[in-house]
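Position 1 is the first residue of the sequence; numbering continues from there.
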Amino acid sequence: MILILETIFVCIFGVLLHFTYDISKHNKVVGIFSAVNESVWEHIKLALTPMFLYTIIDLVFYLDRPNYFLAKFVSVLTVIIVIPTIFYGYKSILKKDIPAIDISSFFIAVLSSEYFMYLILKIDNTHRILNYISLFLFILIFIMYLVLTFFPIKIPLFKDPITNKYGFLGHKK
C-alpha cells in the first residue's frame, strides 16, 4: 500500500514540478527541485524530487528491512535509466520529438521504479554490505541531483533542446 501511495505521489507531484520554476518567478532554490529547462535531466528531476521526499515516509515503514537501501537505490537508478532510454531510443528511430511519448516515459519510469523497489523489498536475504554500498550510491545520486542544475555536464542529457543551453541558462524566457 505504501508503494502504491508513493507511485501516486511521485506522479502527481512530479507533473506539478514541471511548472513550479516559472510560477516561482525563476527562484533558483525552487529550480534545484523543479525543471528549469526542457532537457532530459530536468525531466528526470521531476521524478527524483518526489522520490527523495517520499524517502522520509519509506524510512518509517521499511528501514527495518535489510535491503531497504538497495531497493531505494535501484528505484532511483531505474528512473535515471528509463527516461533517457525511452527518449533517446524513440528519437533515434522516429527522428522527431513526440510529447505524448515524453510524458509517457515519465510514468513508465515511475511505475518501473516502484515495481523494482517492491520486488527487492520482498527479497529476504541480501548481504548487508550491498545495502551499505547502495546507501552510499543513493547519497551520491542525491548530491549530484542537488548540484547538476547549477553545474551541468556539457552532454546532451543536460542540454535544453529549445535553447541549446544548459542548466539555468537553458531556461527560455
Side-chain angles (χ1 to χ4, degrees), residues 1-18 32-93 97-149 152-153 155-159:
M1 182 63 167
I2 297 301
L3 293 178
I4 293 170
L5 292 174
E6 181 171 2
T7 304
I8 294 167
F9 175 78
V10 171
C11 288
I12 292 171
F13 195 46
V15 168
L16 295 174
L17 286 171
H18 197 279
I32 295 169
F33 308 103
S34 304
V36 301
N37 64 46
E38 293 298 323
S39 71
V40 175
W41 167 251
E42 295 297 324
H43 285 83
I44 291 170
K45 281 175 39 184
L46 297 178
L48 292 182
T49 298
M51 289 175 79
F52 287 136
L53 279 174
Y54 208 86
T55 299
I56 298 163
I57 295 168
D58 278 348
L59 286 169
V60 171
F61 292 96
Y62 298 121
L63 187 59
D64 63 333
R65 303 275 178 101
N67 55 358
Y68 169 73
F69 286 109
L70 173 61
K72 197 65 177 183
F73 168 67
V74 169
S75 178
V76 167
L77 189 61
T78 298
V79 165
I80 294 170
I81 292 170
V82 169
I83 289 175
T85 299
I86 292 173
F87 179 77
Y88 293 119
Y90 91 79
K91 281 197 70 165
S92 69
I93 295 167
D97 189 27
I98 301 174
I101 296 176
D102 297 341
I103 293 166
S104 297
S105 71
F106 170 80
F107 294 108
I108 291 167
V110 171
L111 290 170
S112 300
S113 74
E114 295 301 326
Y115 181 67
F116 286 135
M117 185 164 175
Y118 166 76
L119 290 177
I120 293 169
L121 285 172
K122 284 178 50 173
I123 299 170
D124 288 331
N125 298 326
T126 55
H127 200 284
R128 256 195 189 311
I129 192 74
L130 192 54
N131 208 41
Y132 291 128
I133 291 168
S134 297
L135 172 59
F136 171 77
L137 293 172
F138 177 80
I139 291 169
L140 184 63
I141 288 173
F142 182 72
I143 291 168
M144 291 172 56
Y145 151 86
L146 293 173
V147 170
L148 286 171
T149 298
I153 302 165
I155 60 174
L157 182 71
F158 296 92
K159 187 176 186 179

Residues Tyr115, Leu111; criterion side chain to side chain contact (heavy atoms under 4.5 Å, CB included); working and verdict: CA-CA 6 Å; Tyr115 181 67; Leu111 290 170; over 6 Å; no
Over all atoms of both residues, closest heavy-atom pair of His43 and Asn37: CE1-O, 4.1 Å
Interatomic spacing from CD in Glu6 to CZ in Phe13 - rounded to 0.5 Å: 13.0 Å
Pairwise side-chain contact, Tyr62 with Leu3, heavy-atom cut-off 4.5 Å (strictly under): yes
Shortest non-hydrogen contact from Ser75 toward Met117: CB-CB, 4.0 Å
Asn67 to Asn131 - nearest heavy-atom pair and separation: C-OD1, 3.4 Å
Gap separating the OG1 atom of Thr55 from the CZ atom of Phe69, nearest 0.5 angstrom: 8.5 Å
Shortest non-hydrogen separation from Lys72 to Met51 and the atoms involved: NZ-O, 3.5 Å
Tyr54 vs Leu5, side chain to side chain contact (heavy atoms under 4.5 Å, CB included): CA-CA, chis, key distance, verdict: CA-CA 10 Å; Tyr54 208 86; Leu5 292 174; 3.4 Å; yes
Test side chain to side chain contact (heavy atoms under 4.5 Å, CB included) applied to Leu53 and Phe33, step by step: CA-CA 10 Å; Leu53 279 174; Phe33 308 103; over 6 Å; no
Side chain to side chain contact (heavy atoms under 4.5 Å, CB included) between Val40 and Leu157, intermediate numbers included: CA-CA 5 Å; Val40 175; Leu157 182 71; 3.5 Å; yes
Between CH2 on residue Trp41 and CG on residue Leu46, distance to nearest 0.5 Å: 11.0 Å
CD1-CD distance between Ile8 and Glu114, expressed to the nearest 0.5 angstrom: 10.5 Å
Phe52 and Phe142 aromatic ring geometry - parallel, tilted or perpendicular at 30°/60° bounds: perpendicular
Minimum heavy-atom distance Tyr68-Leu121, with the two atoms named: CA-CD2, 4.0 Å
Tyr118 atom OH, neighbour heavy-atom count above 12 within 6.0 Å: no
Nearest non-hydrogen partners of Phe158 and Pro152, listed with the distance: CB-CB, 3.9 Å
Heavy-atom side-chain proximity of Val60 to Ile2 below 4.5 angstrom: no
Which residues share a side chain to side chain donor-acceptor pair (under 3.5 Å) with Ser134, sequence neighbours left out: none
Atom CZ of Phe136 with >12 non-hydrogen neighbours under 6.0 angstrom: no
Check: Ile86 and Phe106 side chains under 4.5 Å, non-hydrogen atoms: no
Spacing of OG belonging to Ser105 relative to CD1 belonging to Ile44, to within rounding of 0.5 Å: 9.0 Å
Given Leu137, Ile133, Thr126, the one that forms side chain to side chain contact (heavy atoms under 4.5 Å, CB included) with Leu70: Thr126
Flag side-chain contact, heavy atom, 4.5 Å: Leu17 against Lys45: no
Separation between CD1 of Ile12 and OG1 of Thr7, rounded to the nearest 0.5 Å: 11.0 Å
